[in-house]
Amino acid sequence: MHGFSRVSVIGLGYIGLPTAAVIASRGVEVLGVDVSEHAVNTINQGKIHIVEPDLDMLVQAAVTTGKLKASLTPEPAEAFMIAVPTPFKDNKSPDLSYIKAALENIAPVIAKGNLIVLESTSPVGTTDKISEWLAELRPDLIMPHQDPDKADVFIAHCPERVLPGRVLQELVSNDRIIGGITDRCAQKAVSLYNLFVRGECLLTNARTAEMAKLTENSFRDVNIAFANELSMICDHLKINVWELIKLANRHPRVNILSPGPGVGGHCIAVDPWFIVDSAPEQAQIIRKAREINDSKPHYVADKIRQAADQFKKPVIACLGLAFKADIDDLRESPALDIAMSLLTDNIGEVLLVEPNIKQLPAKYAGYADRLTPLPQALERANILVVLVDHKQFKALHPVDVATKVVIDTRGIFG
Ligand code: SAJ
């Protein structure tokens, strides 16, 4: 018996909502808590406020059966899972204010025997801080860092690892790293994750779990930076980087990732900074990789400007605005940044092609008329810039683009 009849998930975004819905689908009562009234109302109507395949059906079922409810105010539960954002500040140091606010919010309803799990990607030491903060907020309870054996509550970190677009599969099938403040804390968290995780739960301490998550995303960032640097070296040496990578990857121990217009999303471009912030002298490759990946959109925009200079009336079609293929997520997207820099600099006529969205976010409403269907853009543009490898673009035939200047940041034309 897992011993959890009521679980509360704090933060109902890309991680919290799917997690809440999956746990509810296992028959456990789940209260989701969020600060957004819009999110809470939408979920309580059985609908969703984010885009993720199949999540709508799962949430609808969980709300209809009464197992999932959303609220602005926390209530008592046996386990609290914190899944709120951890952005960085202007100086690239981590902003833990959402975690602290979530903890202050739930502190009054926490009771003896409760488990608190931090899922948010966090700098090393955050889980320990939770224990210390909670000790101040609830001096009546013994925290695990105060007395491991007599602690009244259990505190652990279990970093989320799911890939946007495959969240529901990966939530269940991925292995999970569970780091407790004490072994007892980790064991208690395992019993919660056993409710819905089919992958293995790997136990460690909280600091190692925090670092593991940051390491995974930094590993990817460094490897993408290597590919991006190669693409710039190859431009300089007039070598086709895509052919080069294909050939090099035939070595049994080489596996180079794909260059692109830069690294987007809310994780890989953020998390490495948490490592740099906590070990600035040691984290050299990690910092350099971030700088290389952050510089790539400027490099691509310059290339487009140079191409535009060759035309009296440049018509530039930007193919793709999302941060990666076959999703509609425009947040932290290098493709969107590049397109917007062309628009604000008035580099010719810019057409925006994004098959996954019907309208631009409100912030860019002034450019609404630039959103153009692919066939029209192909007809009108003299410069084509492939910014995202969406399936619609990959289906294009080289003949469709033969008369254009093509800047292919994703290598869809090889
Ligand atoms: N990208 C490249 N070249 C590549 C691979 C990716 O330019 O070869 C770019 C993408 O276009 C995108 C960015 O990198 O702009 C990130 O995309 P992604 O698919 O690599 O990763 P995310 O940000 O969607 O999700 C990552 C995942 N982490 C790892 O794969 C190590 C996911 O498992 C994490 O849960 C997620 O970050 C997170 O929330 O931390």
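Being a predicted model, the structure only gives us computed values, none of them experimental. Whatever order the structure lists ligands and atoms in, that order sets their numbers, starting from 1.
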Close approach of H266 to ligand 1, heavy atoms, under 4.0 angstrom = no
So, T127 and E210: side-chain donor and acceptor under 3.5 Å apart, yes or no?
-> yes
For [atom], find the nearest protein heavy atom and state the residue, atom name and distance (0.1 Å precision).
atom	answer
atom 16 (C) of ligand 1	G264 O, 3.7 Å
atom 29 (C) of ligand 1	N217 OD1, 3.5 Å
atom 4 (C) of ligand 1	S258 O, 3.5 Å
atom 25 (O) of ligand 1	L163 CD1, 3.5 Å
atom 15 (O) of ligand 1	F323 O, 2.7 Å
atom 20 (O) of ligand 1	R220 NE, 2.8 Å

T204 side-chain N/O to G179 backbone N/O, donor-acceptor pair under 3.5 Å = no
Between atom [atom1] of [X] and atom [atom2] of [Y], what is the distance when rounded to the nearest 0.5 Å?
X	Y	atom1	atom2	answer
L137	I106	CG	CD1	9.5 Å
L360	L330	CG	CG	7.5 Å
I23	Y193	CD1	OH	7.0 Å

Does atom NZ of K246 have more than 12 heavy-atom neighbours from other groups under 6.0 Å away?
-> no
Would you mind listing which atoms of ligand 1 come within a distance below 4.0 Å of any non-hydrogen atom of [X]?
X	result
V162	32 (C), 33 (O), 34 (C), 35 (O), 36 (C)
E160	35 (O), 38 (C), 39 (O), 40 (O)
R410	7 (O), 11 (O)
P164	24 (O), 25 (O)

For ligand 1, find out whether one of its N or O atoms is nearer than 3.5 Å to an N or O atom of K213.
-> yes
Answer yes or no: does an N/O atom from V263 fall short of 3.5 Å to an N/O atom of ligand 1?
-> no
As a check for students: among [options], identify the option with a heavy atom nearest to [atom].
atom	options	result
atom 14 (O) of ligand 1	I224, D329, I268, D389	I224
atom 24 (O) of ligand 1	K324, E216, R161	K324
atom 36 (C) of ligand 1	S333, C267, G260	C267

Taking NZ, NE, NH1 and NH2 as the nitrogens, is one of them in R6 or E75 under 4.0 Å from a carboxylate oxygen of the other?
-> yes
Look at the rings of H266 and F323 and say which category their plane angle falls in: under 30° parallel, 30 to 60° tilted, over 60° perpendicular.
-> perpendicular
side-chain hydrogen bond (donor to acceptor under 3.5 Å, both in side chains) with D294: of H298, R290, K296, only one passes, and it is R290
Do you know which of E200, E160, E119 makes side-chain hydrogen bond (donor to acceptor under 3.5 Å, both in side chains) with R176?
-> E119
